[in-house]
Student: 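Got a structure here, written out as structure tokens. Questions coming.
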Amino acid sequence: VSRVLLTGNGAAAWGARLARVDYVPAFPITPQTEIIESLASWIDGGEMRGRLVTLESEHSMLTAAGAAAATGVRVFSATSSQGLLYAMEMLYTVAGWRTPFVLVNVSRGLSAPITLEPDHNDVLAARDSGFLQIHCADCQEVLDSVLIAYRLGEDSRVRQPVLVNLDGFYLSFTREPVTVPGPAEVDDFLPAFDAESIAFRASAPESQAVAVLGGGPYSYFRYETHLALLNGLAVYEEIAADFGERFGRAHPAVEAYRCDDAEIVLLMMGSFATKARAAVDNLRDAGQRVGLLRPRLLRPFPAQSLVKQLAGKRGVAVIDQNISMGKGGVLYAEVASVLYGHKDAPLLVSFVGGIGGRDISPEEFFEMVKVVAAAVQRGEAPPPRLLYTEDELREIRKLQTLAHVERNSLGEGK
Amino acid sequence: MYRIRFHGRGGQGMKTASRILGSALFAEGFEVQDAPRYGAERRGAPIFAYVRADRVPISERGIIRRPDLVVVADDTLVPVPAAGVLAGLDAYSVLLIHSHESADTWRRRLNTPARVLVLPLIEESADRADLPSVGAVCAGAAACLLGVISEDALVKASRDELGQLGEAVVQRNLDKAQAAYRQMAEVRGVVTQGTEANAADYTPPAWISLPFEDANVSAPVIHAGLTSSAVSTGLWRTLRPVIDYDRCNQCWWVCTSLCPDGAIQVEEGRPTIDYDHCKGCLVCVAVCPPHAIEAQPERAAESLETPQ
């Protein structure tokens, strides 16, 4: 065991290395590339066994990952943003093969306009694919989650691929102290993969994911996958508890921070939640009863846990680092759907912020709590609020002015 | 909590500086967070990196808004708005500029409430391998200004971060980092730990509700070509490629096609470099078959130019 400074990307690579993965199909994309560079250099230097192959696209990379997983070996891959979307057809396809492996996504906002900085619209596009999703808040959690993800996906009650998400820049390139467990400890927690019936071989052809027509058989296979994911909730808690006992770090499906006597709760996913944690401490010091809930699992969705944790709270600020165009925050809709019909459910207020890596300041967390408190007083939620300030609009007006000046002075506009 | 920002240009080693300082603070028993921030990775583009250090685990993350210390490796960045060098400087902040100008000059120019210090520009050496050490210099100076990092910790951290580059590189950087550390001895410990916003008394964010705007206005479209020629990216250059026409054999197709910025034109069979747009990536230096293109430190090259 050693405690060292690692980036989120470095932590993800260490997770794969300690999981003793056999096969890594790879394709580079900012801000993920450091993960495959680390693995490549370890394999090249003989520090890690396994085979890393660069494919010609993320679509092929996911196909290779699923195909390799179907032979019963342990597979790791990583991507981000446009790469995840390019692979999307195969995400759905390999999830239907019921073969486990781990895919790390380093969140980055989607084009257009193009950006490098994070939000969660990329990983949420994979929400319904059949991959389980674990969302990380710090670099330690990235390493731990990769290990937990293998146990989870490979469990015979689940047997599905798992996506581990970390935010670009805020985790991917950020070094923090990370405890790297020793290989023997990890081997005890995560033994070699017992692939059971997963044994696809070129020498012994079998059909993988046959065509089914008529709807009935299709419904059966699709719903079985859904049930496998739902099983994942209890299996996850079991594995996380075992992990906690062995390594002393708790990673429950929903992190509850200072929630016990809280009246108002901030609810959000990913690395920005650590900023919310700091804001909660600050608000507590000022005498306010505020807490933070952070779902680590998005799929399966920890519905019961959230209902229980939110029962009796007065108000919740649901902070979405994503937008479903024409609807609003995705997490808000998810949380609202599980609370519907519960008599002691709190008032929900929807905030959208952190899009494309736009920071969320401490003052904004304080203000969201104030807005929720006022809404609770009135008994009515205000409309969803985009975290966006006058200064930011002034900045865009300046850019628009420059674009217009260029149009005129360069004379190429219409 | 200490909050430190390093500003420089891609290639100057700001990420390395933040990592050396981060590792040194970690070695001194601090909880640490260090990270670079940049757009598309390009030599010469403005980048910054930051370090947080505290005695307890750190929950804050992302860009530092209220820095205790800002270190500027390249003083041409100070007036570039996109670089954000001056963002959040307050009376308790320290601004250290690597510059040949005096602290007084910068104080008058910027009218900043921050305490302004100057790290005299290291003399540009003819040995091009020497140039990237500016990152180590900035880390060394910053380490002393914090007052909580011993010179031994600085040395160990520099070795940890640069070790894979070989002993010669480590030694060259160490010499400069230690010299910068000692040079700051008079102001050792001048940087103090600032505070972030307080829930009991804060200025509320000036949120606005975005109005709908017609797609003619709100689509992300620049209604003109040639915008890249209007931006003088040549200002990003820290090294300047200079063609020695006595050696140039006019195989212009090579340098003109391989220049990633299209900044080499051919005039009467002779390649000429457009210094308004050359970012100094030095691809041309590497590919030139007769080795006729030399890299010169930008500031030295500028001083040789005839004033117009």
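Every chain is numbered from 1 and lettered A, B, ... according to where its sequence line falls, protein lines coming before strand lines.
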Student: Using non-hydrogen atoms only, which part of Val280(A) is less than 4.5 Å away from chain B: side chain, backbone, both, or neither?
Tutor: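 It is neither, since no heavy atom gets under 4.5 Å.
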Student: Taking every heavy-atom pair that is under 4.5 Å apart, which of Gln400(A), Arg277(A), Arg385(A) has the most such pairs with chain B?
Tutor: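 Option with the greatest count: Arg385(A).
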Student: Quick one: what part of Val369(A) sits under 4.5 Å from any heavy atom of chain B, side chain, backbone, both or neither?
Tutor: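 Neither part.
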Student: I'd like to know if the side chain of Asn282(A) reaches the main chain of Ala197(B), judged simply by a donor and an acceptor atom lying under 3.5 Å from each other, with no hydrogens or angles considered.
Tutor: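 The answer is yes, because a donor-acceptor pair under 3.5 Å joins these two groups.
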Student: In Å and rounded to the nearest 0.5 Å, what is the CG to OG distance from Asp138(A) to Ser59(B)?
Tutor: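 These two atoms lie 9.0 Å from each other.
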Student: So which part of Ala137(A) gets closer than 4.5 Å to some heavy atom of chain B, the side chain, the backbone, both or neither?
Tutor: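 Just the backbone, heavy atoms under 4.5 Å.
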Student: Considering only heavy atoms from C-beta outward, does the side chain of Thr389(A) approach that of Ile208(B) to under 4.5 Å?
Tutor: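 Side chain of Thr389(A) against side chain of Ile208(B), heavy atoms only: no contact under 4.5 Å found.
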Student: Could you tell me the separation between the CD1 atom of Ile396(A) and the OG atom of Ser218(B), rounded to the nearest 0.5 Å?
Tutor: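 The CD1 atom of Ile396(A) sits 10.0 Å away from the OG atom of Ser218(B).
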Student: Write down the atom of Thr174(A), the atom of Ala35(B), and the distance for their closest heavy-atom approach.
Tutor: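 For Thr174(A) versus Ala35(B), the nearest heavy atoms are OG1-CB, 3.5 Å.
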Student: If I take atom CZ from residue Arg19(B) and atom OG1 from residue Thr7(A), how far apart are they, to the nearest 0.5 angstrom?
Tutor: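 Answer rounded to 0.5 Å: 6.0 Å.
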Student: With a 4.5 angstrom heavy-atom cut-off, is it the side chain or the backbone of Leu387(A) that approaches chain B, or both, or neither?
Tutor: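 Contact with chain B involves both backbone and side-chain atoms of Leu387(A).
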Student: For the candidates Glu60(B), Arg37(B), Glu196(B), which exhibits the highest count of non-hydrogen atom pairs separated by less than 4.5 Å from chain A?
Tutor: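 Going by pairs under 4.5 Å, I would pick Arg37(B).
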Student: Given the options Ser209(B), Pro205(B), Ser18(B), Ala200(B), which has more heavy-atom pairs under 4.5 Å with chain A than any of the others?
Tutor: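 Top count of heavy-atom pairs under 4.5 Å with chain A: Pro205(B).
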Student: At a 4.5 Å cut-off on heavy atoms, which part of Thr203(B) comes close to chain A: side chain, backbone, both, or neither?
Tutor: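 For Thr203(B), the contact with chain A is made by the backbone alone.
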Student: Please check if the side chain of Lys275(A) supplies one atom and the backbone of Arg61(B) the other of a donor-acceptor pair under 3.5 Å.
Tutor: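 Present.
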Student: Looking at Arg397(A) and Glu213(B), is there a salt bridge between them, counting it only when a charged N and a carboxylate O are closer than 4.0 Å?
Tutor: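 Looking at Glu213(B) and Arg397(A), the cut-off is met.
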Student: Going by atom types only, do Ser23(B) and Arg175(A) share a side-chain donor-acceptor pair under 3.5 Å?
Tutor: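 Yes, side-chain donor-acceptor contact under 3.5 Å.
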Student: Does any donor atom in the side chain of Trp207(B) or Glu364(A) lie under 3.5 Å from an acceptor atom in the other side chain?
Tutor: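 Side chains of Trp207(B) and Glu364(A): pair found under 3.5 Å.
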Student: To the nearest 0.5 Å, what is the distance between CG on Asn198(B) and CG on Leu283(A)?
Tutor: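 Asn198(B) CG to Leu283(A) CG: 9.5 Å, rounded to 0.5 Å.
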Student: Tell me, for Gln33(B) versus chain A, whether the close heavy atoms (under 4.5 Å) come from the side chain, the backbone, both or neither.
Tutor: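 For Gln33(B), heavy atoms of backbone and side chain both lie under 4.5 Å from chain A.
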Student: Where does Val217(B) contact chain A at under 4.5 Å (heavy atoms): side chain, backbone, both or neither?
Tutor: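 Its backbone and side chain both get close to chain A.
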Student: Is it true that, when you exclude Asp201(B) itself, more than 12 heavy atoms of the residues, nucleotides or ligands shown sit nearer than 6.0 Å to its CG?
Tutor: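 No.
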Student: Non-hydrogen atoms of chain B under 4.5 Å away: do they reach the side chain of Glu392(A), the backbone, both or neither?
Tutor: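 No part of Glu392(A) comes within 4.5 Å of chain B.
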Student: In terms of heavy-atom proximity below 4.5 Å to chain A, should Pro220(B) be classed as side chain, backbone, both, or neither?
Tutor: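 For Pro220(B), the side chain is the part near chain A, not the backbone.
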Student: Counting C-beta onward and ignoring hydrogens, is there a side-chain heavy-atom pair between Tyr202(B) and Pro362(A) closer than 4.5 Å?
Tutor: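 Side-chain contact under 4.5 Å: no.
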Student: Tell me, with the steps shown, if Arg52(B) and Glu176(A) meet salt bridge (Lys or Arg N to Asp or Glu O under 4.0 Å).
Tutor: CA-CA 10 Å; Arg52(B) 289 187 171 89; Glu176(A) 294 176 337; over 6 Å; no
Student: How close do Gly62(B) and Tyr170(A) get, counting heavy atoms only, and between which atoms?
Tutor: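 Smallest heavy-atom distance, with atoms named: CA-CE2, 3.3 Å.
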Student: Scan Asp160(B), Leu25(B), Asp34(B) and name whichever one has a side-chain contact (heavy atoms from CB on, under 4.5 Å) with Leu5(A).
Tutor: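 One option only clears the test, and that one is Asp34(B).
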Student: With a 4.0 Å cut-off on N to O distance, would you call Arg65(B) and Glu363(A) a salt bridge?
Tutor: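 Result for this pair is yes, salt bridge flagged.
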